[in-house]
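Take a look at the structure set out below.
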Amino acid sequence: MATPRVRFAPAPTGYLHVGSARSALFNWLFARRYGGQFILRIEDTDESKKSQEFVDAIVEPLRWLGLDWDEGPFFQSERRVAHDLAIQQLVDSGQAYFCDLSAADSQRLSTEAGLRAGYHGWSRDRGVADAAGVVVRFRVPDEGSTVVDDLIRGRVKIAHDTLDDFVIRRGDGSPTFFLANAVDDHDMEITHVIRGEDLLNTTPKVKLLWEALGYGRLPQYAHLPLLVNEQRKKLAKRRDSVALSDFVSQGFLPEAMLNYLALLGWGAPDEVEIRPLGEIVELFSLEAVNKSSAFFDLVKLAHVNQVYIKALSAAEFAQTVASWLPAHYDLAVVEALAPELQQRISTLSEAASWLDWIFVDEIDDYDSKAWQRAMVKGRAAPTVLVELGEVLSGVPFDDPEHLRSAVLGVGDRLSEQIGARVMSQAPLRVALTGSGAGIPLWEAMTHLGKEKTLLRIAAAHKRLSG
RNA sequence: GCCCCGUUCGUCUAGCGGCCUAGGACGCCACCCUCUCAAGGUGGUAGCACGGGUUCAAAUCCCGUACGGGGUACCA
């Protein structure tokens with residue numbers, strides 16, 4: 001195919017959410033797949049929406065994801081002259097006309113005439129003159145229908161009598177979405193429009209304008225299935241927590257986010273789900289995109305993220321996780337323990353809780369269940385702690401293997417003495433970490449150090465007997 | 001209401017008329033491994049919305065119904 005030109009055209013409404021990110025990704029994939037251009041256009045026809053803050057809210061997440069654009073960002077608000085010209089052209093050719101009715105008035109007229117809600121062309125032949133507050137409406141043909149061949153959905157046909165004479169210029173003179181969309185896509189020579197299904201119904205209107213303006217060949221349209229919440233409603237900023245920035249701060253990796261997003265509505269022919277972006281680019285095609293909406297599943301996202309976290313080298317992991325850790329954490333220790341952490345977390349923000357015990361001065365809070373199980377139910381615990389204190393004070397702390405055999409040795413000896421299985425590791429874990437669950441002890445103990453280890457064993461013993 | 005789109009395990013999907021007693025992934029359950037929690041391994045659970053056609057043959061094609069969603073703004 002001729003090199004495609006696609007665009008991601010979000011409205012600057014606060015922040016970028018995962019649904020928009022998915023649209024951006026599919027556009028980007030398509031452009032990269034066929035060696036075309038990916039264009040960023042900020043859809044700020046409503047002047048109030050233009051501010052640096054809002055622009056950053058779009059640009060920063062795209063950068064984080066690594067979805068680089070070849071042209072732009074362009075601003076719709078800066079293309080006002082072209083829009084005005086197009087509106088003038090439509091008015092001059094009689095395909096659009098002025099209307100001084102308010103929305104409320106046209107609603108009332110419809111009701112009085114016993115027609116369905118909406119606008120019925122009341123001002124078509126009233127000869128209204130342009131003035132402040134007057135809108136321009138497009139004259140939709142009475143007869144016939146408009147057909148759009150969607151790359152994903154197939155042929156979509158809308159009868160003209162279900163369309164009203166929609167507004168293309170507001171009372172304040174600004175162009176509406178339909179008009180700006182047609183003009184900008186034409187001027188930017190967009191070949192493929194890839195966006196959410198919620199925009200499918202607007203396509204015939206844009207096509208009508210396109211033809212009325214004599215623009216020639218229409219871009220190819222591809223409407224992606226919507227991303228939905230657990231109620232199967234389209235992801236919305238107001239009710240769903242879907243800001244991309246939130247996922248960034250929770251510790252999702254951009255590669256994982258992209259990979260997961262690519263899986264919603266699309267799948268590789270070989271069914272391999274988790275794979276490098278480069279491979280996804282190679283395999284991507286719009287024809288393989290399916291039609292039904294997809295639930296944005298945090299559980300699966302977490303799984304994908306964990307796979308990516310596990311794939312990091314220890315050094316990469318330590319470097320990446322650093323900003324989620326308190327400043328007093330020793331990164332060299334984090335790197336040494338990286339593999340154990342990587343298989344236990346699915347987001348980077350979870351890392352600290354697995355490591356905390358190594359970097360605090362003392363354990364002041366023991367998990368009560370773990371204490372009960374290891375210290376109270378394990379009747380030998382007091383003896384184990386005493387023995388552990390004695391044995392470990394004579395062992396060098398530089399070799400995990402020495403620590404292991406010393407600790408397990410205590411358990412074996414006591415087992416023989418008592419004639420029942422004695423676990424030495426469980427009480428040790430609770431004494432050192434305050435918790436019943438955690439990473440393997442031996443390597444971690446070399447970083448905790450002998451002094452803290454012995455103090456914590458003593459503290460636990462004191463608490464047990466006191 | 002009207003218009004448009006959709007419907008395969010709980011979820012994401014494979015399937016584009018016979019290879020399907022429907023495959024994979026996530027989740028869940030069990031077992032193995034194991035001080036713990038994980039990770040890993042093995043096995044299991046669960047689905048073609050319904051009704052008519054077409055055809056020798058339908059998850060796959062057609063029609064209808066039901067259900068879900070989207071749109072219906074001087075938002076985009």
Side-chain angles (χ1 to χ4, degrees), chain A residues 9-13 43-46 49 76 99 101-103 106-107 116-119 133-137 148 150 152-154 156-159 161-164 166-178 180-181 195-204 223 225-226 228 230-234 260 263-274 287-288 290-304 306-307 310 339-346 354 367 370 373-374 378 404 407-408 411 423-430 433 435-441:
Chain A
T13 53
E43 214 102 314
D44 58 344
T45 53
D46 183 344
K49 285 172 180 165
Q76 210 151 60
C99 173
L101 259 38
S102 68
S106 73
Q107 198 71 248
R116 67 184 165 81
Y119 185 80
V134 165
V135 306
V136 175
R137 288 181 182 275
V148 177
D150 191 276
I152 294 169
R153 264 143 237 289
V156 177
K157 183 170 155 184
I158 293 202
D161 61 11
T162 65
L163 261 26
D164 59 1
F166 55 92
V167 171
I168 59 175
R169 192 198 73 184
R170 302 190 183 92
D172 67 2
S174 64
T176 61
F177 164 75
F178 310 107
N181 213 256
R195 44 146 49 165
E197 196 202 344
D198 49 347
L199 265 3
L200 182 57
N201 283 311
T202 69
T203 311
H223 286 90
L226 258 20
V228 299
E230 48 284 296
Q231 272 80 240
R232 302 238 123 229
K233 302 225 184 273
K234 142 173 119 160
Y260 176 63
L263 258 22
L264 296 176
W266 177 83
D270 59 10
E271 292 204 67
V272 174
E273 295 188 327
I274 298 179
E287 288 69 30
N290 63 214
K291 301 175 167 75
S292 42
S293 53
F295 172 55
F296 184 77
D297 187 358
L298 285 171
V299 175
K300 181 131 185 184
L301 204 214
H303 170 258
V304 174
Q306 184 181 43
V307 171
K310 282 196 294 187
E340 299 299 346
L341 290 169
Q342 285 168 276
Q343 63 183 246
R344 284 174 176 77
I345 62 174
S346 54
W354 291 92
D367 178 77
R373 186 159 159 265
R404 191 185 87 91
V407 172
L408 295 187
M423 297 295 194
S424 54
Q425 200 173 157
L428 210 218
R429 174 179 293 286
V430 175
T433 72
S435 164
I439 59 175
L441 247 20

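Values in this document were obtained by computation on a predicted structure and should not be read as measured data. By convention in this document, chain letters (A, B, ...) are assigned in the order of the sequence lines, proteins followed by strands, and residues within each chain are numbered from 1.
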In whole angstrom, what separates [X]'s [atom1] from [N]'s [atom2]?
| X | N | atom1 | atom2 | result |
| --- | --- | --- | --- | --- |
| A:Ile152 | B:rG70 | CD1 | C1' | 15 Å |
| A:Gln107 | B:rG1 | CD | C1' | 13 Å |
| A:Leu341 | B:rC37 | CG | P | 17 Å |
| A:Leu428 | B:rC37 | CG | P | 17 Å |
| A:Phe295 | B:rG10 | CZ | C1' | 10 Å |
| A:Gln231 | B:rG10 | CD | C1' | 14 Å |
| A:Gln306 | B:rG40 | CD | P | 7 Å |
| A:Asp297 | B:rA25 | CG | P | 16 Å |

Counting C-beta onward and ignoring hydrogens, is there a side-chain heavy-atom pair between [X] and [Y] closer than 4.5 Å?
| X | Y | value |
| --- | --- | --- |
| A:Thr433 | A:Ile439 | no |
| A:His303 | A:Ile274 | yes |
| A:Glu273 | A:Lys300 | yes |
| A:Arg195 | A:Thr203 | yes |
| A:Glu197 | A:Leu226 | yes |

Describe the nucleic acid contact of [X] in one word from base, sugar-phosphate, nothing, applying a heavy-atom distance below 4.0 Å.
| X | value |
| --- | --- |
| A:Leu441 | base |
| A:Thr202 | base |
| A:Arg429 | base |
| A:Gly267 | nothing |
| A:Trp354 | base |
| A:Asp164 | nothing |
| A:Pro440 | base |
| A:Phe178 | base |
| A:Leu408 | nothing |
| A:Gly411 | nothing |
| A:Ser424 | nothing |
| A:Val167 | sugar-phosphate |

For [N] and [M], measure between their [atom1] atoms and round to the nearest Å.
| N | M | atom1 | answer |
| --- | --- | --- | --- |
| B:rG51 | B:rC74 | P | 45 Å |
| B:rA46 | B:rU11 | C1' | 12 Å |
| B:rC33 | B:rA39 | C1' | 11 Å |
| B:rU21 | B:rC26 | C1' | 25 Å |
| B:rG27 | B:rC20 | P | 27 Å |
| B:rG18 | B:rU55 | C1' | 12 Å |
| B:rG24 | B:rU34 | P | 29 Å |
| B:rA14 | B:rC32 | P | 37 Å |

Answer with yes or no whether A:Arg344 presents, from its side chain, a donor or acceptor under 3.5 Å of a partner atom in the base of B:rC37.
-> yes
Distance-only donor-acceptor test, A:Glu197 side-chain atoms vs B:rG6 base atoms, 3.5 Å | no
From [options], pick the nucleotide closest to the side chain of [X]?
| X | options | answer |
| --- | --- | --- |
| A:Val299 | B:rA76, B:rC26, B:rC5 | B:rC26 |
| A:Asn201 | B:rC37, B:rC4, B:rG6 | B:rC4 |
| A:Gln425 | B:rU13, B:rC37, B:rC35 | B:rC35 |
| A:Glu271 | B:rG70, B:rG24, B:rC4 | B:rG24 |
| A:Ala426 | B:rA14, B:rC26, B:rC35 | B:rC35 |

[N] phosphate, OP1 or OP2, under 4.0 Å from [X] side-chain N/O:
| X | N | result |
| --- | --- | --- |
| A:Asn181 | B:rA76 | no |
| A:Arg153 | B:rG69 | no |
| A:Lys300 | B:rU13 | no |
| A:Lys157 | B:rC3 | no |

Hey, which of these two, A:Ala288 or A:Ile439, hits RNA chain B nearer its 5' end, going by closest nucleotide?
-> A:Ala288
Walking RNA chain B from its 5' end, the first of A:Ser292 and A:Ala103 to be reached, judged by nearest nucleotide, is A:Ser292
Ignoring hydrogens and angles, tell me if any N or O in the side chain of A:Ser106 forms a donor-acceptor pair with the backbone of A:Leu101 under 3.5 Å.
-> no
Any donor-acceptor N/O pair, A:Arg232 side chain to A:Val228 backbone, under 3.5 Å | no
State the pairing partner of [N]; accept Watson-Crick or G-U wobble contacts with both distances under 3.5 Å, and report none otherwise.
| N | result |
| --- | --- |
| B:rC74 | none |
| B:rC35 | none |
| B:rU7 | B:rA66 |

Distance from A:Asp198 atom CG to A:Ser293 atom OG, nearest 0.5 Å?
-> 11.5 Å
Can A:Gln76 and A:Asn181 be counted as having a side-chain donor-acceptor contact under 3.5 angstrom?
-> no
